[in-house]
Amino acid sequence: MSYTIEAIATVRSPYTQKFGIPRQSHLVPAARCRIEFAPQFGADSVRGLEGFGYIWVQFVFHDALAEGWAQMVRPPRLGGKRKMGVFATRSPHRPNHLGLSLLKLEGIECGSSGVKIRCSGADLLDGTPVIDIKPYIPFVEARPDAAAGFAAESPPLLDIVWQTKADGLSDGLKTLIEQSVAQDPRPAYQDIAERIYVMEIAGWEVKFRIEGQTAAIIQIKPIGAI
């Protein structure tokens, strides 16, 4: 059986490339995004949503469509060395390329430019198509005693050292960069101390190097600047 699903909204996110996106929502609390609804969805479609603290966002891994899917994948949490079934992971390489994120609801705007939802803790690529939104209901969905398989603990964070000036950066942007780099966005199998990594985030190009448990930010400049 096949079904046709159309996007209801589009994500506007500080992450404009896949490298550097948090592997799960809320790992980077400072990552804020905006969900912009298609014109046919007016204020009535989100009436009552403002009473909830978090929302489930169902979306399409649109940037992974051309890569296809696999029955077994290598989760970063296992160091990229062991394979698990795709349905035991959050990999984007799924049969239908559907994703699910739990985001903190920061506000709803309904105006002449349409309906927009502001969220934080985002792990979404800019331009991501959203196919559905549902409220998070704690009394039925919070299960702190649930088994967590091979992802029982949160991943360790890197220490951040600035080896370049951060002049002109707002506190919010600096925090976003630090939290994003601290997640260690490298592929799980890479540990090359001399390698320089480049992340594009919120209109800035960030270069950093990782050695041991420390990430050194060595350069930052606006994207497109010489």
Side-chain angles (χ1 to χ4, degrees), residues 5-16 18 20-38 41-64 75-77 87-92 94 96-111 113-155 157 171-173 175-180 182-183 185 201-202:
I5 297 178
E6 296 184 2
I8 64 168
T10 303
V11 174
R12 296 304 171 201
S13 161
Y15 299 107
T16 54
K18 287 191 293 184
I21 296 178
R23 294 187 174 101
Q24 305 292 339
S25 57
H26 294 288
L27 290 179
V28 178
R32 293 178 173 264
C33 72
R34 188 174 67 253
I35 300 173
E36 300 180 347
F37 281 77
F41 300 100
D44 285 345
S45 66
V46 293
R47 190 180 304 277
L49 189 61
E50 72 280 355
F52 295 88
Y54 291 80
I55 58 173
W56 289 110
V57 178
Q58 294 178 284
F59 61 93
V60 178
F61 286 108
H62 66 297
D63 204 44
R77 289 297 297 273
F87 298 124
T89 75
R90 302 289 185 90
S91 170
R94 322 184 70 78
N96 290 307
H97 293 88
L98 298 181
L100 181 67
S101 285
L102 181 63
L103 304 183
K104 184 177 181 181
L105 178 59
E106 299 287 356
I108 301 175
E109 302 172 8
C110 299
S113 59
V115 177
K116 299 179 178 65
I117 294 179
R118 291 180 285 105
C119 303
S120 62
D123 59 344
L124 301 168
L125 181 66
D126 186 57
T128 292
V130 174
I131 60 173
D132 201 9
I133 290 174
K134 295 181 175 70
Y136 170 76
I137 304 176
F139 85 91
V140 292
E141 296 177 331
R143 292 290 183 265
D145 58 340
F150 58 82
E153 298 179 353
S154 59
L157 298 177
D171 290 341
L173 179 55
T175 299
L176 172 62
I177 292 171
E178 290 179 348
Q179 290 182 357
S180 298
Q183 299 300 318
I201 181 169

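Note that these values count all heavy atoms, side chains included, but never hydrogens, waters or copies made by symmetry. Residue numbers run from 1 in the order of the sequence given.
R118 has its side chain within reach of E109: a pair of non-hydrogen atoms, C-beta onward, lies under 4.5 Å apart. Side-chain atoms of L176 and V28, non-hydrogen and from C-beta on, do get closer than 4.5 Å to each other. Contact annotation: the side chain of L98 approaches that of V60 to within less than 4.5 Å [non-hydrogen atoms, C-beta and beyond]. Side chains of V57 and I117 form no contact here, defined as non-hydrogen atoms less than 4.5 Å apart.
Between V115 and F41, the shortest heavy-atom contact is CG2-O, 3.5 Å. When all heavy atoms are compared, the tightest approach of P22 to A122 is CG-O, 3.8 Å. Closest of all the heavy-atom pairs between H26 and S120 is CE1-O, 4.0 Å. Summarising the geometry of I8 relative to D132, their closest heavy-atom pair is CD1-CA, 3.8 Å, with the distance given to 0.1 Å. Nearest heavy-atom pair across V11 and C33 is CG1-CB, 4.2 Å. Minimum heavy-atom separation, L27 to Q183: O-NE2, 2.9 Å.
Using a distance-only test at 3.5 Å, with no hydrogens or angles considered, a donor-acceptor pair links the side chain of E50 to the main chain of G48. The main-chain N or O of T89 is found under 3.5 Å from a side-chain atom of R94 such that the two form a donor-acceptor pair. Remark: the backbone N or O of G42 is paired with a side-chain donor or acceptor of S45 at under 3.5 angstrom. With hydrogens and angles ignored, the 3.5 Å screen pairs a side-chain donor or acceptor of S13 with a backbone N or O of L124. Between the S25 side chain and the L102 main chain, a donor and an acceptor come within less than 3.5 Å of each other.
Take R32 and apply the side chain to side chain donor-acceptor pair (under 3.5 Å) test, not counting sequence neighbours, and it matches no residue. Not counting sequence neighbours, K104 has no partner by the side chain to side chain donor-acceptor pair (under 3.5 Å) test. Annotation: ring pair (Phe, Tyr, Trp, His ring centres under 6.0 Å) contacts of F59 (sequence neighbours excluded): F61.
Atom OG of S113 and atom CD of E36 lie 8.0 Å apart (nearest 0.5 Å). To the nearest 0.5 angstrom, R34 atom CZ is 10.5 Å from T10 atom OG1. Considering CD1 of I131 and CD1 of I5, their distance stands at 4.5 Å, rounded to 0.5 Å. Distance check, rounded to the nearest 0.5 Å: CD1 of I55 to CD1 of I133 gives 4.5 Å.
The number of heavy atoms from other shown groups lying within 6.0 Å of CZ (R12) is above 12.
Screening W56, Y136, Y54 against E141 for a side chain to side chain donor-acceptor pair (under 3.5 Å) leaves a single residue, W56. With respect to Y15, the side-chain contact (heavy atoms from CB on, under 4.5 Å) criterion is satisfied by exactly one of D126, I201, T128: I201.
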key: From CA spacing to verdict: side chain to side chain contact (heavy atoms under 4.5 Å, CB included), R77, R23   = CA-CA 10 Å; R77 289 297 297 273; R23 294 187 174 101; over 6 Å; no
